[in-house]
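Everything numeric here is computed off the predicted structure, so don't read it as measured data. All values below were derived from every heavy atom in this structure, side-chain atoms included, with hydrogens, water molecules and symmetry-related copies excluded.
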Amino acid sequence: MSEVKSDVFADKELVVGGRVLKSRLVVGTGKYANYEQMQDALEVSGADVITVAVRRERLLDSEGRSLLDFIDTDKYTILPNTAGCFTAEDAVRVSRLGREILDQIDNPGKDWVKLEVLNDKKTLLPDPVGTLEALKELVADGFKVLCYTSDDPVMACKLKEAGAASVMPAGSPIGSGQGVLNQNNIRIILELLKEGDEDYPVIVDAGVGTASDVMIAMELGADGVLLNTGIAHAKEPIRMARAMKMALQGGRDAYLAGRIDKKLYATASSPWSGVISYIPGE
């Protein structure tokens with residue numbers, strides 16, 4: 001076997017808000033059985049950006065331990081998120097609180113925020129009006145906003161136009177584990193947002209249940225995937241973290257390599273010339 005040149009697997013860097021991400025997988029820090037399990041999952045996932053819900057009660061557990069005590073803030077860039085906010089006003093307030101917390105520990109994520117403005121507790125679908133309103137205020141305040149949204153292409157375009165550092169369409173409702181339900185909408189979003197701006201980062205966020213969901217998102221051409229529950233609530237979170245990491249790379253390579261066209265009928269892998277058997281119809 002000939003030696004494969006290392007540059008055959010070359011890939012461009014993923015840049016979000018002016019920062020280079022070493023991994024295209026962004027993982028959350030919630031819902032784990034304990035902080036130690038979270039630490040192991042983060043390590044195995046290979047992620048260098050992790051997202052943390054900015055809520056006072058989330059920063060301390062029942063034993064008074066701080067979430068930040070279990071995160072290597074020199075290793076990870078923390079992406080504060082506004083999970084649980086149902087108004088633009090609350091989302092902006094929480095974003096600024098996150099910036100203050102990270103500024104105190106000098107983490108590079110202090111000017112980042114993953115913006116979520118939700119419509120209701122049952123669906124956790126984004127409120128498009130509130131999202132756009134909060135986004136504009138946060139951009140004016142100097143934030144790099146990674147903006148969670150539905151898979152609506154029109155809304156995705158409006159968010160980019162309003163200054164989102166990354167648009168993050170949902171594969172399916174948060175925590176549902178349904179995967180990428182509307183692949184065509186994700187394709188349209190990718191086409192529209194990258195038209196004349198191919199490096200604009202589009203990260204699929206929410207709904208990822210297992211490794212194949214990650215691979216599908218990446219094969220569609222997404223620049224990355226953000227997930228939490230798919231790892232934290234797996235029977236074996238550490239093993240699932242590894243599966244997600246491997247699926248992400250597999251999906252990315254498959255996208256860059258380019259899949260073959262789908263055809264209705266079979267195509268033989270070997271030429272027909274020289275066969276010794278009867279060929280029906282010839």
Side-chain angles (χ1 to χ4, degrees), residues 14-32 35 38-39 41-42 45 47-61 65-118 124 126-127 130-149 159 162-168 170 174-175 201 203 205-206 224-229 231-232:
L14 173 58
V15 181
V16 180
R19 180 169 295 279
V20 176
L21 276 62
K22 297 176 183 175
S23 169
R24 294 174 181 271
L25 187 64
V26 180
V27 295
T29 54
K31 298 185 176 180
Y32 287 95
Y35 288 145
M38 177 200 72
Q39 281 182 315
L42 296 182
S45 75
D48 60 320
V49 176
I50 60 175
T51 184
V52 174
V54 183
R55 303 183 202 170
R56 185 168 299 172
E57 66 273 21
R58 278 280 295 114
L59 296 179
L60 297 175
D61 70 2
R65 303 185 300 176
S66 170
L67 171 65
L68 294 179
D69 291 340
F70 292 82
I71 294 175
D72 184 347
T73 55
D74 291 328
K75 176 178 181 180
Y76 296 109
T77 295
I78 297 175
L79 172 62
N81 69 65
T82 64
C85 290
F86 292 88
T87 67
E89 181 181 9
D90 284 349
V92 170
R93 184 186 305 118
V94 166
S95 299
R96 289 171 177 160
L97 175 60
R99 179 161 64 183
E100 289 180 13
I101 294 172
L102 296 190
D103 192 35
Q104 292 171 14
I105 59 175
D106 197 27
N107 188 270
K110 57 188 176 186
D111 291 327
W112 279 12
V113 64
K114 179 201 165 191
L115 175 62
E116 292 183 20
V117 181
L118 305 175
L124 297 181
D127 170 3
T131 299
L132 192 56
E133 180 183 337
L135 170 65
K136 291 178 178 177
E137 187 166 349
L138 290 169
V139 169
D141 198 17
F143 280 94
K144 306 294 185 185
V145 184
L146 288 73
C147 198
Y148 168 68
T149 183
L159 295 172
S166 174
V167 171
M168 308 176 77
I174 293 172
I203 298 174
D205 176 10
V225 174
L226 188 152
L227 62 94
N228 186 166
T229 309
I231 293 177

Ile174 side chain reached by Thr229 side chain, heavy atoms, under 4.5 Å | no
Rounded to the nearest 0.5 Å, the CG atom of Leu135 sits from the OG atom of Ser95 at a distance of 10.0 Å
Please report the closest heavy-atom contact between Pro80 and Val54, naming both atoms and the distance.
-> CB-CG2, 3.6 Å
Looking at side-chain heavy atoms only, is the closest gap between Asn107 and Thr77 below 4.5 Å?
-> yes
Test side chain to side chain contact (heavy atoms under 4.5 Å, CB included) applied to Met38 and Ile71, step by step | CA-CA 9 Å; Met38 177 200 72; Ile71 294 175; 4.0 Å; yes
Expected output: side-chain Asp72 to main-chain Asp74 donor-acceptor under 3.5 Å = yes
Answer whether the closest heavy-atom distance between the side chains of Asp103 and Asp111 falls below 4.5 Å.
-> no
Can you name the closest pair of heavy atoms from Val16 and Ala165 and give their distance?
-> CG1-O, 4.4 Å
Tell me, do Tyr35 and Thr29 make a side-chain contact under 4.5 Å, heavy atoms counted?
-> no
Neighbour count above 12 (heavy atom, 6.0 Å) for Lys110 NZ = yes
Check whether any side-chain heavy atom of Leu21 lies under 4.5 Å from a side-chain heavy atom of Val26, and answer yes or no.
-> yes
Looking only at non-hydrogen atoms, find the nearest pair between Gly84 and Leu118 and report the distance.
-> N-CD1, 4.1 Å
Between atom CG of Leu159 and atom OG1 of Thr131, what is the distance when rounded to the nearest 0.5 Å?
-> 7.0 Å
For Val15 and Pro201, work out which heavy atoms get closest and say how close.
-> O-CG, 3.7 Å
Do Ile78 and Trp112 have side chains that get closer than 4.5 Å, going by heavy atoms?
-> no
Flag, side chain of Glu116 to backbone of Thr82, donor-acceptor distance under 3.5 Å = no
Measure the spacing between NZ of Lys144 and OG of Ser166 and express it to the nearest 0.5 Å.
-> 13.0 Å
Spacing of CD belonging to Glu133 relative to CG belonging to Leu138, to within rounding of 0.5 Å | 10.5 Å
So, the side chain of Asp127 versus the backbone of Val117: is there a donor-acceptor pair under 3.5 Å, distance only?
-> no
Check the pair Tyr148 / Leu226 against side chain to side chain contact (heavy atoms under 4.5 Å, CB included), numbers first and verdict last.
-> CA-CA 10 Å; Tyr148 168 68; Leu226 188 152; over 6 Å; no
Please tell me if the side chains of Asn228 and Val27 come closer than 4.5 Å, counting only heavy atoms from C-beta onward.
-> no
Rounded to the nearest 0.5 Å, the NZ atom of Lys114 sits from the CG atom of Leu146 at a distance of 9.5 Å
Any donor-acceptor pair under 3.5 Å linking the side chain of Asp205 with the backbone of Met168?
-> no
Contact check, side chains of Arg96 and Asp141, non-hydrogen atoms, under 4.5 Å | yes
Distance-only, no hydrogens or angles: does the Asp48 side chain make a donor-acceptor pair with backbone N or O of Ser23 under 3.5 Å?
-> yes
Listed by chain and number, what are the side chain to side chain donor-acceptor pair (under 3.5 Å) partners of Thr51, not counting sequence neighbours?
-> Asn81
Would you say Thr87's side chain and Asp90's backbone share a donor-acceptor pair under 3.5 angstrom?
-> yes
In this structure, CD of Glu89 is separated from CZ of Arg93 (nearest 0.5 Å) by 5.0 Å
